Amino acid sequence: MPKLERHRILINGIVQGVGFRPFIYNLAHRFELTGTVSNTSQGVIIEAEGRPENILGFQRAVEVEAPPLSQIIEISDEPLNPAGDKDFIIISSDGNKAVGTLISPDIAVCDDCRRELLDPNDRRYRYPFINCTNCGPRYTIIEALPYDRPFTSMRTFQMCQACQAEYDDPANRRFHAQPNACPDCGPHLGLYTIDRQPVSADDRIAEAGKLLKNGKIIAIKGLGGFHLAVDAASPEAVIELRQRKNREEKPLAVMVKNLASARRLCVLTAAEEKLLVSPRAPIVLARKKVSVLAEEVAPGNDRLGIMLPYTPLHHLLLEERFTALVMTSANLSEEPICFTNDEAFERLYGIADFVLLHNRDIYLRGDDSVFIELGGKPQPIRRSRGYAPVPVLIKSEGQPVLAVGGELKNTICLLQNNRAFLSQHIGDLENLEAFKFFKMTIEHLQKVFQINPELVVYDMHPRYLSTQWAREQPLPALAVQHHHAHLAAALAEHNFDGPAIGLIMDGTGYGGDGTIWGGEVLLGDFSEFERFAAFEAMPLPGGDASIKAPWRTAVSYLQQAFEGTLPDLPFLESVDYQPVMEMVEKNINCFATSSCGRLFDAVAAIGGGRTTIRYEGQAAIEMMQAAGTAAAKPYKFAFEQQGDLMLMPVRSIIRSVTQSAITGADLTEIGQRFHRTLVDIFVNMAILAREKSRLTHIVLSGGVFQNQILFETVLSELEQRDFEVLTHQKVPANDGGISLGQALIGREWLRQK
Ligand code: ZN
Ligand code: ZN
Ligand code: FE
């Protein structure tokens with residue numbers, strides 16, 4: 001008899017709900033091992049017994065051949081005494097509540113399941129809830145850990161014999177697939193009018209397809225909530241949806257059948273195609289082709305948000321021959337997405353005509369994720385379905401921390417050991433529904449991951465709801481400056497401790513000195529920062545009112561640049577500028593701001609672009625698209641030293657832009673020269689900051705860096721000058737990423753205390 005060894009192997013990471021135990025089971029048989037594998041809330045525990053060389057080979061194969069959706073973070077191994085097992089078996093999960101397990105995100109239908117879905121001989125032919133160990137709902141149906149059927153919303157469905165046999169058979173690709181179901185035992189679709197009247201149809205999906213072709217608006221239940229769907233080729237239907245949803249011009253995302261149909265609508269790069277077909281299936285903002293879609297889908301925008309079907313229901317619906325379906329979050333403007341059946345009927349009354357729903361509950365909302373490729377690399381604009389709650393792995397360990405993010409595009413972050421769990425997109429906390437969702441998400445994530453934070457970190461802005469909530473918690477609390485958090489978020493995702501130069505170009509964030517910041521050059525790390533440079537502070541009349549009306553910002557900036565006398569500009573003829581002039585002159589309800597976003601607004605309005613906007617960033621986006629490039633002659637600029645702070649010019653830029661506009665330059669020319677000027681300002685400022693600080697790492701963060709021309713030109717010119725440029729790839733450059741930065745700053749604060 002050869003000498004046998006037994007090892008206890010603990011595997012941590014995303015190892016539940018991704019076919020890990022069956023994988024281990026098969027591997028153990030291949031290496032002739034006996035023992036057990038079990039899912040615990042500490043991770044997957046394997047006890048493996050066999051020849052030493054086989055155990056070694058097994059361990060190597062675990063790392064090399066792990067299932068595609070799993071992510072191993074660490075493996076620990078300890079020797080045990082041989083127990084003489086006869087076989088290798090899977091034992092059922094324990095309920096013990098130690099920390100350490102990860103939850104898989106929701107995963108798009110895999111190829112195997114899609115084949116069965118469309119195979120008339122398969123028992124799940126056209127069954128819209130088909131799934132397997134490699135695909136299907138996860139995060140949004142999990143109520144507690146470990147990830148086992150009784151802890152998911154599938155617990156109300158008793159598996160039939162055929163499904164149970166698949167579930168129990170280690171050789172089956174549905175072995176221990178928790179949401180496993182079939183037409184005999186699983187969830188079912190229902191089609192209703194918005195008045196809750198059932199629509200009788202043999203095939204509800206075909207019927208829904210017909211209704212969509214007749215221009216109807218249908219609320220469709222997906223993974224993390226409902227979408228509102230209309231036929232994207234019908235201008236009337238799209239216009240009707242916009243009116244009812246109160247969404248005037250903000251681009252709507254579309255879903256197309258497959259990659260070939262995506263290529264017909266957009267010019268796609270290799271990286272964009274890879275994202276589209278990935279199991280995470282995000283929306284990709286790709287370049288529009290001249291298209292057969294209604295212009296109203298994304299009016300005045302040269303990009304189109306496009307995604308592929310990610311649930312079986314989507315696949316079946318897209319079989320009904322649509323060029324594309326508009327699939328936009330089912331909500332009223334900025335409220336959170338509807339996710340329960342009752343909510344859909346109540347909140348979508350007056351918006352949707354019909355509701356296509358099912359009886360598998362969603363426990364947690366999850367909006368679609370959104371990506372854009374900038375400088376050859378995909379960047380998240382919204383990190384949500386398919387990504388949350390996969391942690392961002394960070395280098396250091398320390399105490400658990402909760403960070404509550406900002407106000408707009410809110411996400412929260414829970415830090416545990418070396419994992420930063422970022423929540424899905426929560427939304428704009430200005431509205432009550434979103435605030436409820438915020439509290440629910442914090443509670444849920446703390447519960448499932450068993451995290452008891454020792455510190456809560458929040459934005460310095462005194463009036464944010466997240467700030468007020470944080471201060472009410474029975475925990476030590478730390479306020480963090482908004483742009484410091486942006487800087488720290490980028491450092492964290494690159495596992496770089498800093499210090500670094502932070503080029504943070506943003507809309508608005510509370511400065512801590514009573515002014516609103518937003519065009520900042522910082523020097524700092526997780527523990528502290530210094531404000532090296534900023535744009536000249538300008539008065540923002542009426543705060544939010546100016547954000548929605550760039551002409552107001554323009555009037556104020558002109559008043560400052562021309563010392564009280566407004567020049568003769570065409571846009572002034574159509575606006576009531578007198579009250580705004582008065583506000584600025586008398587300094588009534590004005591906030592001083594160094595915002596880069598507001599500078600874009602002012603320049604756009606003066607340069608012949610947008611004077612009012614219908615969605616965030618619209619004026620800047622349209623000016624950027626008109627410009628097309630930053631290859632142009634810059635405006636003259638100079639820096640000014642004000643105490644310890646370097647000032648980047650605003651007044652002189654406004655005067656130059658005005659001069660251009662008066663002498664007949666159009667938005668294209670002004671946009672090009674303005675982008676060029678900003679690039680030169682930023683590159684020059686980076687060089688000054690490097691000379692002073694000796695730092696060579698530089699972060700590009702803040703929502704303004706989602707501007708493709710600015711981002712790509714600044715990035716390449718900094719790289720040419722040998723900077724190490726850190727850009728966002730894991731979390732958004734916008735406020736969706738700041739909770740990560742807050743969390744790391746908080747942990748550092750605890751460490752130093
Ligand atoms: Zn599958
Ligand atoms: Zn069944
Ligand atoms: Fe911000």
Side-chain angles (χ1 to χ4, degrees), residues 17-19 22 67-69 104 106-118 122-124 127 129-138 149 154 157-168 172-175 177-188 279 281 310-312 315 405-411 428 459-461 464 466 480-490 502 504-511 516-520 522 547 593-598 616-617 699-706 728 731-742:
V18 291
L69 300 175
S104 162
D106 302 302
I107 296 295
V109 189
C110 72
D111 290 344
D112 290 334
C113 286
R114 208 185 52 216
R115 222 168 290 129
E116 289 179 5
L117 179 70
L118 300 176
D122 193 273
R123 72 185 188 95
R124 291 189 182 84
Y127 180 57
F129 304 92
I130 188 169
N131 67 80
C132 71
T133 50
N134 286 325
C135 74
R138 299 286 189 274
R149 193 153 168 136
M154 285 301 293
F157 302 98
Q158 174 89 46
M159 272 186 274
C160 68
Q161 262 182 8
C163 285
Q164 187 70 48
E166 292 166 338
Y167 183 91
D168 292 334
N172 195 285
R173 65 182 198 85
R174 295 196 168 84
F175 179 55
Q178 305 305 342
N180 190 27
C182 77
D184 294 333
C185 66
H188 280 278
Y310 56 84
T311 70
H315 280 285
E407 176 95 329
L408 303 179
K409 306 182 188 67
N410 180 276
T411 62
D428 296 352
D459 192 281
M460 260 181 192
H461 200 302
Y464 283 180
S466 54
V480 167
Q481 201 280 324
H482 187 95
H483 304 98
H484 185 204
H486 274 299
L487 168 64
I504 319 294
M505 295 301 142
D506 204 18
T508 51
Y510 197 73
I516 305 291
W517 295 7
E520 313 299 315
L522 309 179
I547 294 175
T593 186
S594 55
S595 166
C596 186
R598 297 295 81 73
E616 192 197 6
V699 157
L700 305 186
S701 190
V704 172
F705 274 120
Q706 287 169 181
H728 287 287
V731 303
N734 62 43
D735 288 2
I738 68 174
S739 61
L740 175 64
Q742 291 174 339

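Numbering of ligands and ligand atoms starts at 1, following listing order. No experiment lies behind these values; they were computed from the predicted model shown.
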Using 30° and 60° as the class limits, which term best fits the ring planes of H483 and W517: parallel, tilted or perpendicular?
-> parallel
Can you label the angle between the H461 ring and the Y464 ring as parallel, tilted or perpendicular, going by 30° and 60°?
-> parallel
Just jot down the ring pair (Phe, Tyr, Trp, His ring centres under 6.0 Å) partners of F705, sequence neighbours excluded, or say none.
-> none
Under 2.8 Å from the Zn ion (ligand 1), the protein N, O or S atoms found are C110 SG, C113 SG, C132 SG, C135 SG
With sequence neighbours left out, what residues match E616 under salt bridge (charged side-chain N to carboxylate O under 4.0 Å, His left out)?
-> K409
Using the Zn ion (ligand 2) as the apex, give the angle to atoms SG (C185) and SG (C160), rounded to 10 degrees.
-> 120°
For D112, the salt bridge (charged side-chain N to carboxylate O under 4.0 Å, His left out) test, sequence neighbours excluded, returns R115
Taking just the N, O or S atoms of D735, which one is nearest to the Fe ion (ligand 3)?
-> OD1
With the Zn ion (ligand 2) at the center, what angle do SG from C163 and SG from C182 span, rounded to 10 degrees?
-> 100°
Would you check if the Fe ion (ligand 3) lies under 2.8 Å from any N, O or S atom of H483?
-> no
Apex the Fe ion (ligand 3); atoms H486 NE2 and D506 OD1; angle rounded to 10 degrees | 90°
Among P312, C135, C110, find the one that has a side chain to side chain contact (heavy atoms under 4.5 Å, CB included) with I130.
-> P312
For the atom pair OG (S739) and CG (D459), what is the distance rounded to the nearest 0.5 Å?
-> 11.5 Å
Over 12 non-hydrogen atoms of neighbours within 6.0 angstrom of CD in Q158 = no
